[in-house]
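Letters go in sequence order (proteins before strands), and every chain restarts at 1. Keep in mind that the numbers below use all heavy atoms, side chains included, and drop hydrogens, waters and symmetry copies. Because the structure is a prediction, the values reported are computed rather than measured.
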Amino acid sequence: MPEITRDTLADTLDEIALLLELKGENPFKIRAYRNGAEVVRSFDGDIVARAIDDNLKGIKGIGDALQDKLHELASTGSLEFLENLKGAFPPGLFELFEIQGLGPKKIKVLHEKLDVGSIADLKEVCESGRVAELSGFGKKTAEKILAAIENRSKFAGRFVLAKVAESAEAIRSVLRDHPAVSRVEVAGSYRRAKETVHDLDFLVASSDPSELTAFFTRLEGVTEIIARGDTKASIRLENGLQCDLRAVSAAEFPFALMYFTGSKEHNVALRQVALQQGLTLNEYHLAPVDGSERPDPTPDIHEERDIYRELGLAYVEPELRENRGELEAADAGELPRLVDQDNLRGTFHCHTTESDGSSTLEEMADAAGELGLAYLGIADHSKSSFQARGLDEDRLAAQIAAIATLNKRDAGIRVFAGSEVDILKDGDLDFDDDLLAQLDYCVASVHLPLGQDEKTMTRRVIRAMENPHVTMLGHMTGRLLLRRDAYPITHDKIIDCAAATNTIIELNCSSMRMDMDWRWWRRARDKGVKCSINPDAHHVRQLQSLHFGVRIARKGWLRREDIINCLPLPEVIQWLETPKGQRS
DNA sequence: GCCGTTTTCGGCCCGACTGTTTTCAGTCG
């Protein structure tokens with residue numbers, strides 16, 4: 001029986017939703033499955049164990065039917081209902097959902113009328129002209145589908161946050177300078193600091209919306225105009241990134257900003273809150289529902305903050321708007337005061353030319369000083385990472401001495417001598433304890449081998465964390481965004497072990513990692529686990545990624561006091577000098 | 001399929017754009 005995880009359960013419900021869409025089922029039933037998937041994903045507790053025990057009663061959004069299905073799946077490893085559904089469609093049909101402009105209805109028609117079962121089939125029937133003859137389709141639809149197939153293969157369709165920031169800020173700046181624009185914001189998942197984004201959503205308040213959509217389509221670097229109307233336009237940039245613009249009036253701006261910031265789930269939940277109060281909320285206004293005697297609150301609303309206030313809620317920072325409990329916390333006045341960019345006092349886990357970095361120790365120290373940091377932790381690779389020119393005992397001893405010398409010059413920055421020590425395949429560390437004890441701190445990370453099963457990997461990492469010299473756990477899952485999946489590891493157990501052993505978990509904010517994932521930080525924080533926001537910089541430029549690390553930490557509900565590198569220098573020194581078991 | 005101090009039945013968030021239509025369905029966010 002395959003291992004059943006939280007993700008298996010959630011993904012299965014999403015898969016059912018997709019299949020029901022293809023069948024043309026009741027849209028509300030489909031929504032119930034999608035909603036169920038989200039409930040499973042964000043459930044605070046061991047949902048798999050409860051599903052196995054058939055103990056899911058009372059969880060909002062999981063009714064009798066979903067309870068039975070989750071129980072069957074968790075306890076037997078398969079689900080007859082799903083297998084029956086799947087049997088009705090060729091497996092290649094599902095990739096059609098990745099084609100822009102195709103949804104369940106059109107895919108259903110393509111499958112039933114033209115026997116399309118894959119993207120290759122789709123391409124063929126578009127080119128042969130048979131798609132254009134279908135009722136509800138046409139020549140333009142066929143052309144658009146072909147273009148979308150091209151696009152899909154050219155660009156995977158998602159981009160990591162740090163990589164789109166330059167485009168986002170450049171376009172924001174150009175829009176701000178337009179004379180007919182009074183306010184501009186980049187909304188969407190970029191504003192919510194998702195680790196990857198699909199597109200950029202620009203919002204402007206303008207006296208001349210249609211001029212703005214036209215202006216937007218003429219921006220430098222536009223390679224394709226996907227759509228252009230009076231208030232809305234979509235373009236594609238040279239790197240494949242899609243950018244959308246919405247132009248609204250100044251009065252509508254706060255509503256539109258909230259709406260287009262999302263997430264969709266947050267918005268839906270917020271609308272429910274409004275409806276309960278006799279108000280209807282959309283991207284243009286907050287108004288009494290028809291027949292309500294409640295006075296119109298709109299005139300007093302100029303900022304998003306005012307909308308939340310009008311609904312009796314504390315302001316919810318954009319990073320938190322994922323419908324993962326933020327509205328309940330806002331209602332109860334229990335939202336955290338999130339860490340700010342200027343709270344960072346230093347950082348750990350940076351490399352130098354001694355291993356696989358491309359900036360020297362001095363260059364890294366100077367660059368960190370220029371960023372205003374008071375301390376910098378160096379952690380070059382250990383000897384087993386031979387591919388990264390990992391340091392052996394002698395070279396590490398020499399580096400410790402070099403750092404001591406560097407600290408004697410008054411450069412305004414304290415450098416800590418550390419090591420990114422490999423966690424070997426059985427959980428042993430790459431250096432013995434005597435050497436580790438000479439370091440200011442130690443990051444323990446898994447590099448090779450990566451192919452172990454979840455139990456073995458979890459045990460391996462836990463053994464390393466139990467070492468009294470391991471200060472923090474590096475890039476917990478080894479994922480590379482859009483390139484390599486996380487290796488399997490039981491997050492709950494690692495978090496519990498971190499809490500029990502006073503081991504910090506790193507938020508590795510290298511733009512391709514953002515690891516540990518933000519979805520786990522709130523739970524870790526609640527158990528008293530500390531975070532270190534580390535850039536894993538291999539070049540002075542990469543220290544900049546600390547900015548995105550803070551954004552992700554905010555997304556994980558982290559406060560200044562949860563983050564070790566928000567401590568001022570004297571306190572962090574004292575903390576590092578205290579034996580691990582006595583730190584708090 | 002889920003939910004309920006109005007309801008165990010009848011609701012379930014909603015608007016813009018496109019392409020195909022001649023009043024609207026599908027998709028997207």
Side-chain angles (χ1 to χ4, degrees), chain A residues 13 16-17 20-21 23-39 56-70 81 96-110 131-145 147-148 157 187-192 194 197-203 209-210 213 217 225-234 242-248 252 255-256 258-276 278-287 289 323:
Chain A
L13 295 182
I16 292 173
L20 294 178
E21 277 190 318
K23 269 186 74 182
E25 261 284 6
N26 171 5
F28 298 107
K29 185 190 280 195
I30 293 161
R31 189 181 300 170
Y33 277 96
R34 290 242 155 80
N35 180 54
E38 273 317 303
V39 170
L56 296 166
K57 221 170 186 54
I59 301 175
K60 197 160 178 283
I62 310 285
D64 292 342
L66 266 66
Q67 284 175 40
D68 288 347
K69 291 188 175 72
L70 289 172
F81 177 73
L96 265 55
F97 281 93
E98 294 166 26
I99 302 297
Q100 193 165 37
L102 285 190
K105 302 280 171 56
K106 286 200 167 125
I107 292 174
K108 186 165 185 264
V109 172
L110 287 164
V131 167
E133 292 164 7
L134 285 174
S135 153
F137 289 69
K139 206 172 154 213
K140 279 208 159 178
T141 306
E143 283 168 11
K144 285 210 151 188
I145 291 173
S189 48
Y190 179 78
R191 184 161 181 248
R192 299 200 316 278
K194 280 292 289 292
V197 303
H198 171 252
D199 57 15
L200 290 175
D201 297 296
F202 294 90
L203 179 70
S210 81
T213 57
T217 59
I225 298 170
I226 300 166
R228 201 220 128 185
D230 285 341
T231 63
K232 182 179 169 180
S234 291
Q242 180 175 328
C243 300
D244 298 338
L245 176 81
R246 290 294 288 243
V248 299
E252 292 161 346
F255 301 100
M258 171 177 273
Y259 183 84
F260 291 110
T261 295
S263 65
K264 204 167 122 188
E265 292 76 17
H266 177 88
N267 287 347
V268 168
L270 201 60
R271 281 194 176 148
Q272 307 266 20
V273 171
L275 280 175
Q276 282 161 18
L279 294 166
T280 172
L281 176 65
N282 63 22
E283 62 258 59
Y284 301 116
H285 61 248
L286 180 67
V289 289
N323 198 30

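- No side-chain heavy atom of A:Phe202 sits under 4.5 Å from any side-chain heavy atom of A:Arg246.
- A search for side chain to side chain donor-acceptor pair (under 3.5 Å) contacts involving A:Gln242 returns A:Gln100, A:Asp244, not counting sequence neighbours.
- Between B:dC12 and A:Lys29, no contact under 4.0 Å exists linking OP1 or OP2 to a side-chain N or O.
- When the C1' atom is used for both B:dA16 and B:dC9, the distance is 33 Å, rounded to whole Å.
- Contacts of A:Glu143 classified as side chain to side chain donor-acceptor pair (under 3.5 Å), with partners at least two apart in sequence or in another chain: none.
- Taking A:Ala247 as the reference, A:Val204, A:Pro209, A:Leu212 meet the side chain to side chain contact (heavy atoms under 4.5 Å, CB included) condition, with sequence neighbours excluded.
- Scored by the salt bridge (Lys or Arg N to Asp or Glu O under 4.0 Å) test, A:Lys105 finds no partners at all (sequence neighbours excluded).
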Review point. What string of B, S and - do you get for nucleotides 14-20 of chain B, 5' to 3', when a contact is any protein heavy atom under 4.0 Å?
Key: BSSSSSS
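- Both distances falling under 3.5 Å, in either a Watson-Crick or a G-U wobble arrangement, place B:dA25 opposite B:dT18.
- With sequence neighbours excluded, the residues that form a side chain to side chain donor-acceptor pair (under 3.5 Å) with A:Lys69 are A:Tyr33.
- When the side chain to side chain donor-acceptor pair (under 3.5 Å) test is applied to A:Tyr259, no partner is found at least two apart in sequence or on another chain.
- In this structure, A:Lys60 has no side chain to side chain contact (heavy atoms under 4.5 Å, CB included) partners at least two apart in sequence or on a different chain.
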Exercise for review: Give the B/S/- string for nucleotides 2-10 of chain B, one per nucleotide from 5' to 3', where a protein heavy atom under 4.0 Å of the base yields B, of only the sugar-phosphate yields S, and otherwise -.
Suggested key: SS-------
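- Distance check on atom C1': B:dT21 versus B:dA25 gives 9 Å, rounded to whole Å.
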